[in-house]
Every structure is written in structure tokens, then in C-alpha cells.
Undergrad: 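Dropping the structure in here first, questions after.
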Amino acid sequence: MLSLEQGQQEIQNLMDTVMLYQHRKPLFERLGRTVLTDARLNFRRQHAPDGTPWAPLKIRTGQILSDTGRLRNSLSYKTGNDEVAVGTNVKYAAVQNFGATIRPKKAKMLAFPGKNGKTIFAKKVVIPARPFLGIEQRQINLVQQTIEQWVKDVANRNV
């Protein structure tokens, strides 16, 4: 598995070349679309950026992380002349991406709806990590291909 630091370094090496160009915002638009599309594919394929399948559902059936589609549909990107950021503004996104253990703050037990309308009580709930955003080798390859194509297009004045 590629560490985030290694992935960032590989991308930084590519970006050092890109910084030689003056008008880079179109590149970052392409990169945003590329990474966003890849993250949405993770939802469709129900796996992490490295291809690891997400932990299965325990209480309901259907698509993992896609009960309402809110999280998947909230993914977006912002660009500047020197950057692109891909993410979401959904508050529970980090819990789903990294996992969490939830414990009651004031009561002795958590209570939430379960199957057949029954209420489930628990001292804690462990939500497994189901990464949908991240930088692994596949994303680095996509970023590299996008940058290389952009450089070719700039050289051929197709941008």
C-alpha cells in the first residue's frame, strides 16, 4: 500500500513540471473531474481507492454508503490556478471514510431504528472505515496521465 506521503511526493514531482506553465487552471479543472469521477466509481464499485472492498452492511441491505445518495452526490471539487481540492461538505463523511466508534454522551445506551421497526439499543456502535476518497497508486496513475495529456494538448495548442 502506498502511503499518503509517498503519493503526495509523486504528485508534487509532476506538479514541479507543470509549474513551468503560466495558465494552469484548465489542468486543475481536468484533475478535479478525474479525481471526482474516480471517487464516484468507488461508490459504484463499493470499494476503497486502493480497490479493497468496503465492509458489508449489518442492518440494512442495498448499496453501501448509498442509502439516499447524499454523500456520493455531495462530492465536488474546487480549483485555483495552482490547486484543486476534492471533497464533500457532508458532516458524517469523515466518519464513513475513516471509521469511528460512537458512544452515548448523556444516556447509558444508544437507541436507533433497526429491522422491522424494532429499536436497537447499544453501549457503542463501531462504524468501519469505508474510504471513498484517497490517493493510492491508481489515483496517482490517473493524475499522471491527466497531466501528461494536458502537457501534450498545451504543446499542440489543443487547450
Side-chain angles (χ1 to χ4, degrees), residues 1-16 18 24-25 27-147:
M1 180 179 206
L2 186 68
S3 76
L4 183 58
E5 291 79 23
Q6 290 169 318
Q8 288 173 331
Q9 185 58 52
E10 285 191 34
I11 291 172
Q12 185 59 52
N13 292 343
L14 290 169
M15 293 312 300
D16 289 343
V18 168
R24 297 177 294 272
K25 189 167 183 177
L27 167 64
F28 289 102
E29 289 285 338
R30 282 190 195 185
L31 290 171
R33 285 191 305 269
T34 299
V35 174
L36 181 64
T37 299
D38 185 71
R40 288 182 175 154
L41 281 173
N42 292 335
F43 280 87
R44 187 173 303 137
R45 295 177 180 154
Q46 300 183 78
H47 66 63
D50 67 359
T52 304
W54 288 338
L57 297 170
K58 290 185 178 179
I59 295 184
R60 68 172 182 82
T61 58
Q63 288 280 106
I64 302 168
L65 295 186
S66 296
D67 187 31
T68 65
R70 180 176 178 218
L71 182 57
R72 179 191 62 239
N73 294 335
S74 73
L75 295 174
S76 63
Y77 66 92
K78 267 188 177 176
T79 60
N81 196 44
D82 294 328
E83 64 188 1
V84 62
V86 179
T88 175
N89 62 355
V90 172
K91 289 182 180 182
Y92 59 83
V95 168
Q96 297 298 338
N97 200 61
F98 301 110
T101 299
I102 300 172
R103 292 182 174 83
K105 290 183 179 180
K106 296 180 182 175
K108 290 184 178 184
M109 303 282 270
L110 296 167
F112 53 94
K115 292 181 182 178
N116 303 323
K118 291 183 179 181
T119 301
I120 297 173
F121 296 95
K123 290 183 179 182
K124 68 177 182 178
V125 173
V126 177
I127 299 174
R130 293 182 175 112
F132 53 90
L133 281 176
I135 299 293
E136 296 293 339
Q137 192 59 53
R138 186 179 84 226
Q139 291 76 26
I140 290 170
N141 292 344
L142 288 170
V143 166
Q144 184 173 11
Q145 291 166 7
T146 302
I147 291 171

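None of the values given here were measured: they were computed from a predicted structure.
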Undergrad: Test your reading of the model: is there a side-chain donor-acceptor pair from Arg72 to the backbone of Leu65, 3.5 Å cut-off?
TA: no
Undergrad: Around Arg44, counting heavy atoms of other residues, nucleotides and ligands shown, do more than 12 lie under 6.0 Å from its CZ?
TA: no
Undergrad: Fit a plane to each ring of Phe43 and Trp54, take the angle between them on a 0 to 90° scale, and name the class: parallel (under 30°), tilted (30 to 60°) or perpendicular (over 60°).
TA: perpendicular
Undergrad: Please check this pair: side chain of Gln96 against backbone of Ala93, looking for a donor-acceptor N/O pair closer than 3.5 Å.
TA: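 Not a single qualifying donor-acceptor pair exists.
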Undergrad: Within this structure, what is the CZ-OG1 distance for the pair Arg130 and Thr52, rounded to the nearest 0.5 Å?
TA: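 So the CZ of Arg130 and the OG1 of Thr52 are separated by 13.5 Å.
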Undergrad: Verify side chain to side chain contact (heavy atoms under 4.5 Å, CB included) between Ile147 and Val143, making sure each step is shown before the conclusion.
TA: CA-CA 6 Å; Ile147 291 171; Val143 166; 3.8 Å; yes
Undergrad: State, to 0.1 Å, how close Val125 and Phe112 come at their nearest heavy-atom pair, and which atoms those are.
TA: CG2-CE2, 3.7 Å
Undergrad: Please check: side-chain N/O of Asn116 versus main-chain N/O of Lys118, any donor-acceptor pairing under 3.5 Å?
TA: no
Undergrad: Quick one: salt bridge (Lys or Arg N to Asp or Glu O under 4.0 Å) partners of Arg40, sequence neighbours excluded?
TA: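 Residues passing salt bridge (Lys or Arg N to Asp or Glu O under 4.0 Å) with Arg40: none at all.
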Undergrad: Working note: Ile140 + Ile135, criterion side chain to side chain contact (heavy atoms under 4.5 Å, CB included); need CA distance, chi angles, decisive distance, verdict.
TA: CA-CA 7 Å; Ile140 290 170; Ile135 299 293; 3.7 Å; yes
Undergrad: Between CZ of Arg138 and CG of Asp50, what distance do you get to the nearest 0.5 Å?
TA: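 Here the rounded value is 8.5 Å.
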Undergrad: If I take atom OG1 from residue Thr88 and atom CG from residue Leu71, how far apart are they, to the nearest 0.5 angstrom?
TA: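 Interatomic distance, Thr88 OG1 to Leu71 CG, rounded to 0.5 Å: 5.5 Å.
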Undergrad: Side chains of Asn141 and Gln137: is there a donor and an acceptor less than 3.5 Å apart?
TA: yes
Undergrad: Determine the minimum heavy-atom distance between Gly32 and Val84, stating which atoms define it.
TA: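 Scanning both residues, the minimum pair turns out to be CA-CG2, 3.6 Å.
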Undergrad: Give a yes or no answer on whether the side chain of Asn97 reaches the backbone of Leu133 with a donor-acceptor pair at less than 3.5 Å.
TA: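 Yes: the side chain of Asn97 pairs with the backbone of Leu133.
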Undergrad: Please round to the nearest 0.5 Å and tell me the distance separating atom OG1 of Thr79 and atom CG of Leu27.
TA: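 Between atom OG1 of Thr79 and atom CG of Leu27 there are 10.0 Å.
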Undergrad: Quick one: are Asp82 and Arg24 in side-chain contact, heavy atoms under 4.5 Å?
TA: yes
Undergrad: How far does CG of Leu31 sit from CG of Leu142, to the nearest 0.5 angstrom?
TA: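 Answer rounded to 0.5 Å: 10.0 Å.
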Undergrad: Write down the atom of Gly134, the atom of Pro49, and the distance for their closest heavy-atom approach.
TA: N-CG, 3.6 Å
Undergrad: I'd like to know if the side chain of Gln46 and the backbone of Ile64 have a donor-acceptor N/O pair within less than 3.5 Å.
TA: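 Yes, Gln46 side chain to Ile64 backbone: donor-acceptor pair under 3.5 Å.
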Undergrad: Tell me the closest heavy-atom pair linking Tyr77 and Glu29, and the distance in Å.
TA: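 Closest approach of Tyr77 to Glu29, heavy atoms only: OH-OE1, 3.3 Å.
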Undergrad: So, taking the atom named CD in Glu83 and the one named NZ in Lys25, what distance separates them when rounded to the nearest 0.5 Å?
TA: 10.0 Å
Undergrad: How far apart are the closest heavy atoms of Val95 and Ala100, and which atoms are they?
TA: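 The pair with the smallest heavy-atom distance is CG1-CB, 3.8 Å.
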Undergrad: List the atom of Phe132, the atom of Asn42, and the distance in Å for their closest heavy-atom pair.
TA: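 So the two residues come closest at O-ND2, 2.9 Å.
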